[in-house]
Amino acid sequence: MKNKTSFLPQEGEARPSRCPDNSAFKQQKLPAWKPQLTIASVLSSFFLIGAFCLSVGVCLILSANSVREIQIDYSDKCSDCSKLRENSSNWNKECQCSVNFTLKEDIVGDVFMYYGLQNFYQNHRRYVISRSDAQLLGRNVNIQKSYCAPFTTYRNGTPMAPCGAIANSMFNDSIDLFYNLNSSVIQVPLLKTGNSWWTDKNVKFRNPKSYNLSSAFAGTARPPYWQKPVYLLDEEDERNNGYVNDDFIIWMRVSAFATFRNLYRRVRHIRQFTDGLPAGNYTFHISYNFPVTKFKGRKRVILSTVVWSGGSNPFLGIAYVVTGTAATLTGFVITAIHLKLRKKKTYFQK
Amino acid sequence: MHRQWKKRQVSWEEDRNVAQLYRDGVRKAKAQLEMNLKRDAKNAKKGFYRYVNQKRTVSESVPPRDERDWQTEEERQLQANNRDFNLQFEYANNSIKTSKYNFFTFLPLNLFEQFQRIANAYFLFLLILQLIPQISSLAWFTTVVPLVLVLAVSGVKDAIDDFNRHKSDKHVNNRPVQVLINGMLKDEKWMNVQVGDIIKLENNNFVTADLLLLSSSEPHSLTYIETAELDGETNLKVKQALTVTAELGEDLQKLTEFNGEVKCEAPNNKLDKFTGTLTLRGEKYALDNEKMLLRGCTIRNTEWCFGLVIYAGPDTKLMQNSGKTTFKRTSIDRLMNVLVLVIFAFLALMCLILAIGNGIWEHDKGYYFQVYLPWAEGVNSASYSGFLMFWSYVIILNTVVPISLYVSVEIIRLGNSFYIDWDRKMYYPFNDTPAQARTTTLNEELGQIKYIFSDKTGTLTQNIMCFNKCSINGKSYGDVYDMSGQRIEINENTEKVDFSYNPLADPKFAFYDHSLVESVKLGDVPTHRFFRLLSLCHTVMPEEKKEGNLMYQAQSPDEGALVTAARNFGFVFRARTPETITVVEMGETKIYKLLAILDFNNVRKRMSVIVRSPEGDLTLYCKGADTILYELLHSSCDSLKEETTEHLNEFAGEALRTLVVAYKNLDEDYFQDWIRRHHEASTALEGREDKLSELYEEIEKDLMLLGATAIEDKLQDGVPQTIETLAKANIKIWVLTGDKQETAMNIGYSCNLLNDDMDDVFVIEGHTSDDVLNELRNARKKMKPDSFLDSDEINIQFEKSSKKPQIIPDEQANGVYGLVITGHSLAYALEGNLELELVRTACMCKVVICCRVTPLQKAQVVELVKKYKKAVTLAIGDGANDVSMIKTAHIGVGISGQEGMQAVLSSDFSFAQFRYLQRLLLVHGRWSYIRMCKFLKYFFYKNFAFTLVHFWYGFFSGFSAQTVYDEWFITLYNLVYTSLPVLGMSLFDQDVDDRWSMLFPQLYVPGQQNLYFNKMVFVKCMLQGIYSSLILFFIPYGAMYNTMRSDGKAIADYQSFALMVQTCLLIVVSVQIGLDTSYWTVVNQFFIWGSLSVYFAITFTMYSDGMYLIFTASFPFVGTARNTLSQPNVWLAIFLSITLCVLPVVGFRFLKAQLKPTPSDKVLLKIKEAKKRPPPPSPKRRLRRTSTRRSGYAFSHQHGFGALIMSGRNMRPKSPFATTGTFSPNSDKYKHKGL
């Protein structure tokens, strides 16, 4: 309403009082751009978008194809372990299992190790809210007010740290990778930090302040499914322990779907592995702690490289190619219809 | 709001006070005339009005107004000056209360009212659901924030309105009035007046309550009142007190001792009826309406009067009548209500599906997943969980019925109403009246009008008669020719004739032909005789309060015009007594003796006067309809007759009303004999009428033709053009007028409603039910013979479903027809079974004219069309008699700037000129309609696209009522992110500008057929929304599934997905609004780009570290924005979603316009092509009428005033100036006000 630009010169004060203002706004004459669907704009948008989509799609498919990915479903590979885990009373019994695989070619570049879960409904509403952000921020808060129930406190009133279903169900298999080189077994060096978002690591998660971690968590107890308390998650690295443990942080970033993968480790580029993983035989040593068979879940371990567009998922590439093709074809159809109509029109005009 | 209200208030007051002062004197005379006339003219009216009155009483037994329940009081009893006695009945006192709330009750009452609206109640229900922890799927603020905002906005509006009502109540209640208390007149406030009090009113006071008139200052205790506020009639009315109370005079002693007891009916809303008895000193006197002064009237021309309060405050007839005006709703409103119900059903269905899904999921998977996620407390079975989930989804999916829809609709309508207020092209500078949208909720209906019901007088015509042309002695005057002899069109610039030689001339009178003045000045005998006739032969009453300030009160405006013409040309009719007429002839005062008036009536269609000039000549002057007068002419005039006939045809061709004037010199002896017989006849007891008319015929013979006059019933400016344009827009126009048939038809022709190109104009004037039926059937037979066959679909439809009132589809006649129906016939036609016949016949005609209809019939006709036709109706009128139809029609338009404000006050829109109607409909109405439709389409689309994503996500999240978006996004989506762009579109969009809208009225048709928003369109929007939601969900899903970011970290976390989908959604709906906007003003650009930027700004702010550290629980999405939106594949997915959502729409729209263009598409194409060429000249051609119809005579349909004048009953004391022989030297200084 600010553009009261009068077109006519003011007629002085004699103008009657009730006469409406002659402003472009009030007279609905604001200057305006009036775009219309013309044949030119429609066709050019279809062809341009078609061409763009096609080229992007081809690029995406090509780059997705260059991704090397190895997936190993190990949920049944260690059948005794999975049976053992079905009975929750065996929670502190160790169960190791190993899976072998062979790389025929080198995997060059950054290699990432993921664990993948299937049929694990991390996106269930009650699951998603079952956490206390304030607690994870190291604040001394009453978690009773959070949605952590029923993983809030033990019967004797000892609060769980961290509370909630998400934390309680944290993925606790440990996976190690071994390279079998000429009958000697070399453990592939893996990085366990730097796998989470910077904001999560530095803003969202903080340990309670105290002179050491165990005293910071004094008066709390580990979640029921955990084998060790939170301040022992990574005893080697002070900055990867407690709430700021990378594995924990990554788990706490719940997935949007029931099938998902989380970054677990990165291959460290040293020694034989400077360029990535060389070809050869490998073994995963897994300490099998995380039960999934009860809800028909699956567990996988995944080794993958990435490109600019992410992983090996071809969906976007294909979708772009299809869209591009469809747009271009529609463009041709529109052209044809337009030409036919115009001919008809000129015919009638004659 | 406040400003508008204020404006109204002020203008109302002004109108009451100022506008009337000037004419008081005249009115008083008029009122007196009226009173006498009533007696004289009763017979003529009787039959017709009796019938109408009967009808009225019948229909009033089921009054349309809101009638309060007054059963507690059956009879009112009161005693004057006896408060104690009257108090026992607990009658209401005179304070009124129109306000609804006070300071303490405002909040609870207002909230209660607001929650009666279904949408608000629904949101309250949601809020309650959200408070149940097992169900709550959304944070409380998602519902509370919008609800509070909406309630606050409406609450503030209501508070302001009520505050204003309080103020006006206080103002009225505190008006002072003199009340007789203990023998003293005391100043009291209005609100303290009680039933039984005696109060004194003075000139120009408002009547305080409904009073029984006791006495007044005028002789016979007459009291003049003006009832404009009550019934809109601006002439004065007379009330007269009982003789027994009149004696009280202003003697306070007597008045104090007056202890009459009144028994009367309980308060009611009948303005024209009152019955009661006054018991005084044991004697009973009947009381009727003639003795009542009603609240709302104003005392005029009466120094003082005393009255006894009968009804006070809320019991007064005024307050009883000011019942609630029916609340009008638009058809889109009604459609929206239906749609909301449909959406509710759809919502319930979705929730049911999801709830069942949840039950199955919990049974199959959730049960086993309890290891990690135990069921919520109290939930022990999958089906119970499903039940809870149903309500959770009700909360989540509530956004398909967004609360902001209603608020936005109101804002859009308000905005579009302001455009009407602001439109300079609907501003009438002559009386400084801008157009006004008095109701701000009906705008889009203006774009859907199919029937217009128009009043005639004051609406189509100005009710000003202009002496336009004349033919004197075979010479025609009035046209202006240029040098080459070509006729010149008369416009504002044409030079007017200078009447300055005549100081008594009416400055308003305009005449352009100079030759007539020349001929007057030259002293041409026939010309002088012509004007002398006009100044003598009439029944006009002069009024001259100040010298030279001459005003005429004519019974019909035509007569006034003729006398005024004579006055200007130098034959000034100045005064009359029962025996004389004073005329100033070319500056010389002459007194004619008036010997007889041979008055007008419907059969004679002429009137004559017999006068004796100062020189002693006896002359009969006669004017009348040509057909009648031509028979009475002397044979010597034959050649003149031919020439005059030619002129008459010419005049008639221009739709002028013509009269022929003639004179005859009388022989003294013969006249003496005649006047003796006349006297005998007029005192005869039997067959007086017949004897008189015989005598009249005897003397009105062998007349000498003088010439003819042509009077223009001035149409309002631009009426024919407007009607032509509206007709092109497929709008049917019905004229409903109280005027008689000839006048109505004449106007029909002159404003191009009827014309000679029509195949036929049917006139329905039957006097019995059967006649009317036959006439109607014959008309229909001619228009559409098929419609009587059994195979006709409407007949079939009737047979199928008998009785129930139903919608009749439009029927096509085989030509262009007009229908004229009189009030008598209409009365029959509106009865029971004839109704249908009338609707079918009338709606086939292009034009319908109803003449001599009562206000009630006007409303009935409108009601009839509303009942049987699925069409939007508009009624336009200016007077109190139009109020009923204005209130009945879907949209009522009042012509403002006239004297009576009644029509305007009850109208929805008002402006000063009929021609603004085309702009109101074709420009404002069309735009409003298109805007509203576009808004609704888009709004439903965007909310479906928004909400249904949750539905799809349900299948992937265990039907757990997990939302896809961040809760803040859900809260802000409708309120902040998407509200302004769509508002911008709905306030600024124009498909073509106003000029093209007016040039191509066909563009109006889609609105009438409701093409832009109906159930089909809604379904389409829904489908588009569903399609978009599918794309919006599955493209991001596919793009994120089992993949990772370019730095190897996982991408498919919930927060990233949420951000991605909401960003997609927002960009898609923004592009879509861009696609829908066809008129991008700066504001639109600002809103659209601004909304997108605001989205990103708010998102980044809410997801920032600082916000998280302060409000940890509320903003858990910390870091999501910068981590996710930096990924190339996220943007690629967003781009793909946009392309897939929008590109098909572009293609579809384009192809649809190419392959199946609607008529309006074609017009738009034409306009597009025309725009390339230079703009066509604006169509300023004048519509010429080709009719050869000769019409009408310039008399009203009532009896003349002749008898009244001769009796002298209506004469006021003689004007002091009437007999002065010369003009006062400074008399020309007066601003004259003539007719």
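To find a chain, count down the sequence lines: A is the first, B the second, and so on, and within it residues start at 1.
- A salt bridge is absent between A:Arg266 and A:Asp110: the closest approach of a Lys/Arg side-chain nitrogen to an acidic carboxylate oxygen does not fall below 4.0 angstrom.
- Between B:Asp1076 and B:Arg1149 there is a salt bridge, since at least one side-chain N of the basic residue sits less than 4.0 Å from a carboxylate O of the acidic one.
- Contacts between A:Pro35 and chain B at a heavy-atom distance below 4.5 Å involve backbone atoms as well as side-chain atoms.
- Chain A forms more heavy-atom pairs under 4.5 Å with one residue of B:Phe956, B:Tyr419, B:Phe1057 than with any other, namely B:Tyr419.
- Using the six-membered ring where Trp is involved, B:Trp1080 and A:Trp33 have ring planes that are tilted, between 30° and 60° apart.
- Residue contact with chain A, scored on non-hydrogen atoms closer than 4.5 Å, is absent for B:Asp993.
- When each of B:Gly958, B:Pro374, B:Gly1048 is scored by its heavy-atom pairs under 4.5 Å with chain A, the top score falls to B:Gly1048.
- Using a 4.5 Å cut-off between heavy atoms, A:Arg139 contacts chain B through its side chain alone, with no backbone atom that close.
- In summary, the aromatic rings of B:Tyr372 and A:Phe290 are positioned with their centroids under 6.0 Å apart.
- Heavy-atom distances place no part of B:Thr963 under 4.5 Å from chain A, backbone and side chain included.
- For B:Ser136, the part sitting under 4.5 Å from any heavy atom of chain A is the backbone (N, CA, C, O) and nothing else.
- The choice from B:Phe369, B:Tyr953, B:Tyr368 that makes the most heavy-atom pairs within less than 4.5 Å of chain A is B:Phe369.
- Only the side chain of A:Leu60 comes within less than 4.5 Å of a heavy atom in chain B; its backbone stays farther off.
- Between A:Phe52 and B:Phe1135, the ring centre distance stays below 6.0 Å.
- With salt bridges taken as basic N to acidic carboxylate O contacts below 4.0 Å, one links B:Arg1122 and B:Asp1105.
- Minimum interatomic distance between A:Gly194 and B:Lys1049 (heavy atoms only, all atoms of both residues): O-CE, 3.7 Å.
- With chain A as partner, the option from B:Ser960, B:Ala1153, B:Ser1078 having the largest number of non-hydrogen pairs under 4.5 angstrom is B:Ser960.
- Proximity to chain A is limited to the side chain of B:Gln1085, based on heavy atoms less than 4.5 angstrom apart.
- Side-chain contact, A:Thr199 with B:Asn1123: a donor N or O sits under 3.5 Å from an acceptor N or O.
- Using a 4.5 Å heavy-atom cutoff, the side chains of B:Glu377 and B:Pro133 are not in contact.
- Ranked by heavy-atom pairs shorter than 4.5 Å toward chain B, the options A:Asn262, A:Ile166, A:Leu137 are led by A:Leu137.
- Within the 4.5 angstrom heavy-atom criterion, no atom of B:Phe959 approaches chain A.
- Interface remark: B:Met389 contributes side-chain atoms only to the contact with chain A (heavy atom separation under 4.5 Å).
- Residue contact with chain B, scored on non-hydrogen atoms closer than 4.5 Å, involves the backbone of A:Val307 exclusively.
- For B:Leu1151, the part lying near chain A is the side chain, with the backbone staying farther off; criterion is any non-hydrogen pair under 4.5 Å.
- Taking the side chain as every heavy atom from C-beta outward, B:Gln436 and B:Ser896 never approach each other to under 4.5 Å.
- Contacts of B:Ile1051 with chain A are absent, with no heavy-atom separation under 4.5 Å from either backbone or side chain.
- Looking at A:Ile337, only its side chain comes within 4.5 Å of chain B, counting heavy atoms on both sides.
- B:Asn358 and B:Ser385 are linked by a side-chain donor-acceptor pair at a separation below 3.5 angstrom, with hydrogens and angles left out of the test.
- Only the side chain of A:Val56 comes within less than 4.5 Å of a heavy atom of chain B; its backbone N, CA, C and O stay farther away.
- For chain B, no part of A:Thr330 is nearby; none of its heavy atoms comes within less than 4.5 Å.
- Residue contact with chain A, scored on non-hydrogen atoms closer than 4.5 Å, involves the side chain of B:Gln990 exclusively.
- In this structure, the portions of A:Pro291 lying under 4.5 Å from any heavy atom of chain B include both its backbone and its side chain.
- Under 3.5 Å, the side chains of B:Ser997 and B:Asp994 contain no donor-acceptor pair of N or O atoms.
- Checked by atom type, the side-chain pair A:Gln28/B:Trp927 shows no donor-acceptor distance below 3.5 Å.
- Looking at B:Phe955, neither its backbone nor its side chain comes within 4.5 Å of chain A, counting heavy atoms on both sides.
- Aromatic pair A:Phe205/A:Trp251: ring centres not closer than 6.0 Å.
- In terms of heavy-atom pairs under 4.5 angstrom with chain A, the leader among B:Val964, B:Leu1140, B:Asp991 is B:Leu1140.
- Interface residue B:Thr1139: only side-chain heavy atoms are found under 4.5 Å from chain A.
- Interface remark: A:Phe112 contributes side-chain atoms only to the contact with chain B (heavy atom separation under 4.5 Å).
- Taking the six-membered ring where the residue is Trp, A:His338 and B:Phe1150 present tilted rings, their angle falling between 30° and 60°.
- For B:Tyr1108 and B:Phe1117, the ring centers sit 6.0 Å or farther from each other.
- At a 4.5 Å heavy-atom cutoff, the contact between B:Leu1109 and chain A is made by backbone and side-chain atoms alike.
- Across A:Gln27 and B:Lys425, no two heavy atoms sit closer than the pair OE1-N, 4.5 Å.
- For B:Ala1039, the parts lying near chain A are the backbone and the side chain together; criterion is any non-hydrogen pair under 4.5 Å.
- Proximity to chain A involves both the backbone and the side chain of B:Ala376, based on heavy atoms less than 4.5 angstrom apart.
- In terms of heavy-atom pairs under 4.5 angstrom with chain A, the leader among B:Leu987, B:Val371, B:Val1146 is B:Val371.
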